[in-house]
Amino acid sequence: MNNIAEVLGGIRTAAIAGHVKPDGDCFGSCIGLYLYIRQWFPQIDTDLYLEDRRPVFSYLGGFDEICTEPSDGKIYDLVITCDVSSHDRIAVADQLFDTAGKTVCIDHHVSNTGFADVNHICGSIGSCSEVLYGLMEPEKITKPVAEALYTGMIHDTGVFQYTNTSPDTMRIAGELMKTGFDFNRIINESFYQKTYLQNQIMGRVLAESIMLLDGRVIAGYLKKRDMEFYRAVPADLEGIVSQLRLTKGVEASVLLYEQETLKFKVSLRSAGKLDVGRVAQYFGGGGHTKAAGCTMQGTVYDVLNNLSLQILVQLDEFGTEVNHE
Ligand SMILES: [Mn+2]
């Protein structure tokens, strides 16, 4: 696919859907595409489905029109997923996807094998929002669309610091900026700003973090009772695993939080050559080489032990000396 218009011919009803626990790129890409279709293909009755309306993204156009519940019995001509790496990660719109006349998947996860009729997956591009830019006509990108795509790009590149940032990323960000939105506010308020609670939780996780594999991996964790104590939701933990990754000398960082008793959600970040996507995939998860996640069972000790073994497989491949008695 070269242009999103290719899949819109003859379509009367369309739905756009993001993934479970939507992040900045999910909001940015889904809203960007929604606003673009609404503006330039007004004959199409388009709806947008996201699992929740995260207040931090309320500055985005169309935010109030997000549907958080599937509409009963509605059958769409077309369902487009953005930033969704596999069928089981389609959130509220999974039924709508299965009954749609045609399905399109726009994504950038290397682990995505293509679950739609039309799959446009660019594993080497840093964000789904950047992939989407390539499917739009630049002169038709309005300020609200630009704001959404820019939001997605800064979130998935860590404000252009991760290695998934390319010269194209910077060029596209520059093009988007020309529409004149308040980029400084977007970066500060949607990416860096933390609530007092989020800072408290991060402080605690950092203080209690542990070093593994002779200081080459750092791990932080929150047990169920800690999550309950802070009344924390997963979004409150954003940024912690990235902060851990900045620890001098580590190859990777790990953050665990207990979703249910002895069931942990695992986030992984690589600080170097380690492919954490491979580690996550081994445990049934997915993601990218530098950022990935999975779900694992057991105690904190069990989970970290199993993760360490898989990380070690790669560290050994690098031929680096690791002291693991
Ligand atoms: Mn993404």
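All ligand and atom numbering here is 1-based and tracks the order in the structure. Basis for what follows: all heavy atoms, side chains included, without hydrogens, waters or symmetry-related copies.
Contact check for Glu175 versus Pro138: no side-chain heavy atoms found under the 4.5 Å cut-off.
Here the Mn ion (ligand 1) has protein N, O or S atoms under 2.8 Å from it, and they come to 4.
With sequence neighbours left out, the ring-ring contact (aromatic ring centres under 6.0 Å, His included) criterion links His19 to no other residue.
A cation-pi arrangement, defined by a distance under 6.0 Å to the six-membered ring centre and an angle within 45 degrees of its axis, is absent between Lys290 and Tyr162.
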Going through the checks in order, is the side-chain contact (heavy atoms from CB on, under 4.5 Å) test met by Asp23 and Asp83? CA-CA 9 Å; Asp23 57 6; Asp83 203 34; 3.4 Å; yes

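Side-chain contacts under 4.5 Å among hydrophobic residues (ILVMFWY), followed directly or transitively, place Ile201 together with Leu197, Met202, Val205, Leu206, Met211, Ile218, Leu222, Met227, Phe229, Tyr230, Leu237, Ile240, Val241, Leu244, Val250, Leu255, Tyr257. Clustering of Ile, Leu, Val, Met, Phe, Trp and Tyr side chains at separations under 4.5 Å leaves Val110 isolated, with no partner residue.
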